[in-house]
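As the structure lists them, so they are numbered: ligands from 1, and atoms in each ligand from 1.
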Amino acid sequence: MEKNILPDKNGYFGNYGGQYISDELKQEFNRIEKAFIEAKEDIEFNNKLNYLLTNYVGRPSPVYYAENLSKKYKNNIYLKREDLNHTGAHKINHCLGEVMLAKRMGKKKVIAETGAGQHGVALATAAALLGLECDIYMGETDIQKEKPNVDRMKILKAKVISVKSGAGTLKEAVDEAFKAYINDYKNVMYAIGSVVGPHPFPMIVEYFQSIVGKEARRQFVEQKGVLPDAIIACVGGGSNSIGLFNGFLNDESVEIYGVEPLGKGERAGENAASITFGKDGILHGFKCKLLQDKNGNILNAYSVASGLDYPGVGPKHCYLNDIGRVKYVTVNDNEAINAFYELSELEGIIPALESSHALAYAFKLSKEAENKNILVNLSGRGDKDIDFVINRYPKN
Ligand SMILES: *Cc1c(COP(=O)(O)O)cnc(C)c1O
């Protein structure tokens with residue numbers, strides 16, 4: 001079965017996705033979709049994007065055999081090193097694409113939300129490079145937790161707007177950014193931070209992230225002569241994971257794991273595991289598995305990793321869960337923190353707390369298996385998390 005699935009003409013992956021927005025906005029989103037499809041086929045657009053991915057971002061990012069970890073866990077653990085990208089995570093891959101698309105459409109400004117600040121920094125970077133204005137909406141709680149990234153955005157000449165409503169995290173930031181966008185969509189492009197939002201955004205972000213899986217499959221086969229037995233990535237909105245997964249969806253022998261944040265536990269408000277605990281609902285203009293109470297009120301999402309605490313998840317992940325091609329599993333805060341320290345101590349690589357979730361699941365899998373080839377997407381580096389971890393989870 002062909003599983004490199006595109007959405008249907010209404011923007012659905014199975015039951016999920018779509019466009020729950022006004023008719024006026026639908027017309028604008030149709031223009032964005034048309035511009036995207038044209039850009040994809042345009043040799044000049046692709047040449048420029050490929051040039052920047054190679055010489056500005058530093059792609060391809062390596063696949064690294066983590067020998068010390070592998071010995072300890074009795075499996076061969078490989079890391080796709082998205083942490084080595086310019087700006088320190090996978091997000092630059094779709095930000096360059098989105099800003100190039102905005103520029104192609106004649107927009108003057110990009111607007112976005114950010115959680116950990118990684119998307120904000122990556123977008124501000126791409127906007128600085130390509131000469132567009134950039135407004136970033138960020139929850140007040142996240143602003144305090146991720147100060148270095150806030151400062152980076154300011155240095156890059158982006159405007160950082162503090163969002164004080166609700167828990168002051170990612171969901172509220174999306175709400176406010178979307179409001180600002182709707183008021184000025186003729187001049188502005190919404191540059192969403194993951195494979196979420198109304199169609200065509202999930203499809204667009206997925207397209208620009210798919211380079212991760214394309215590279216990883218080729219690199220892995222070059223190094224090992226076989227495909228990996230299992231691939232693992234963390235799932236917030238789902239962009240780094242779908243980027244990796246797309247390279248392997250049609251390889252039936254490859255087990256695929258999407259790791260959701262269990263946070264402090266299974267109770268409402270303690271985690272952000274949308275597929276594991278969510279029910280079908282609509283958020284930010286699209287249908288997905290959504291954390292909600294029995295009256296349909298959206299729950300606060302929580303994870304120690306700011307970049308994962310979103311109550312919804314990309315529609316294609318919901319579909320891949322339905323058809324059983326990807327297994328969605330969970331890792332809690334403490335397991336992620338342990339993995340954060342372990343990779344640092346054994347390999348000299350400080351991972352992002354988000355990526356630490358994927359790594360922690362590789363360790364869990366290792367309890368059940370031996371001598372398997374496991375490829376983990378190391379979606380970002382941990383510089384942004386160092387202050388927080390040292391203060392809140394000191395190693396004793
Ligand atoms: C934002 C972020 C994530 C989560 O976003 P996805 O869209 O699920 O990939 C994961 N890892 C890092 C390093 C991030 O910055």
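On a distance-only criterion, Val195 and ligand 1 share no N/O pair closer than 3.5 Å. Close N/O approach between Ala89 and ligand 1 is not found [any backbone or side-chain N/O within under 3.5 Å]. Residue-to-ligand polar distances keep Lys384 apart from ligand 1: every N/O pair is separated by 3.5 Å or more. Some N or O of Gly238 is nearer than 3.5 Å to an N or O of ligand 1, by distance alone. Looking at ligand 1, you won't find any N or O of Ser355 less than 3.5 Å from one of its N or O atoms.
The ligand atoms of ligand 1 that sit less than 4.0 angstrom from a heavy atom of Gly380 are 13 (C). Near Ser194, with a cut-off below 4.0 Å to any heavy atom, the atoms of ligand 1 are 6 (P), 7 (O). Less than 4.0 angstrom separates some heavy atom of Gln118 from each of these atoms of ligand 1: 15 (O). Close contacts between ligand 1 and Gly236 involve ligand atoms 8 (O) [criterion: under 4.0 Å to a heavy atom]. Listed by atom number, the atoms of ligand 1 under 4.0 Å from Ala352 heavy atoms are 13 (C).
A donor-acceptor distance shorter than 3.5 angstrom exists from the side chain of Lys316 to the backbone of Ile5, with no hydrogens or angles considered.
Between Arg104 and Asp42 there is a salt bridge, since at least one side-chain N of the basic residue sits less than 4.0 Å from a carboxylate O of the acidic one. Using a 4.0 Å cut-off between a side-chain N of Lys or Arg and a carboxylate O of Asp or Glu, Lys384 and Glu354 qualify as a salt bridge.
Using cut-offs of 30° and 60° on the angle between ring planes, the pair Tyr78 and Tyr65 is tilted. Using bins of under 30°, 30° to 60° and over 60° for the plane-to-plane angle, the ring pair Tyr12/Tyr20 lands in the perpendicular bin. Ring planes of His119 and His94: tilted class, angle from 30 to 60°.
For atom 4 (C) of ligand 1, the closest non-hydrogen atom on the protein side is Gly307 O, 3.4 Å. Of the protein's non-hydrogen atoms, the one nearest atom 2 (C) of ligand 1 is Lys91 NZ, 2.4 Å. The closest protein non-hydrogen atom to atom 12 (C) of ligand 1 is Ser379 OG, 3.5 Å. Protein heavy atom at the shortest distance from atom 6 (P) of ligand 1 is Ser239 N, 3.3 Å.
For CD of Glu222, the number of neighbouring non-hydrogen atoms (other residues, nucleotides, ligands) closer than 6.0 Å is greater than 12.
A donor atom on one side chain and an acceptor atom on the other are found under 3.5 Å apart for Ser61 and Lys80.
The distance from atom CG of Leu53 to atom CG of Asn85, rounded to the nearest 0.5 Å, is 9.0 Å. How far CG of Asp142 is from OG1 of Thr169: 6.0 Å, rounded to the nearest 0.5 Å.
Within the structure, the closest approach of Cys234 to ligand 1 falls below 4.0 Å when heavy atoms are considered. Contact annotation: His90 has at least one heavy atom less than 4.0 Å from an atom of ligand 1.
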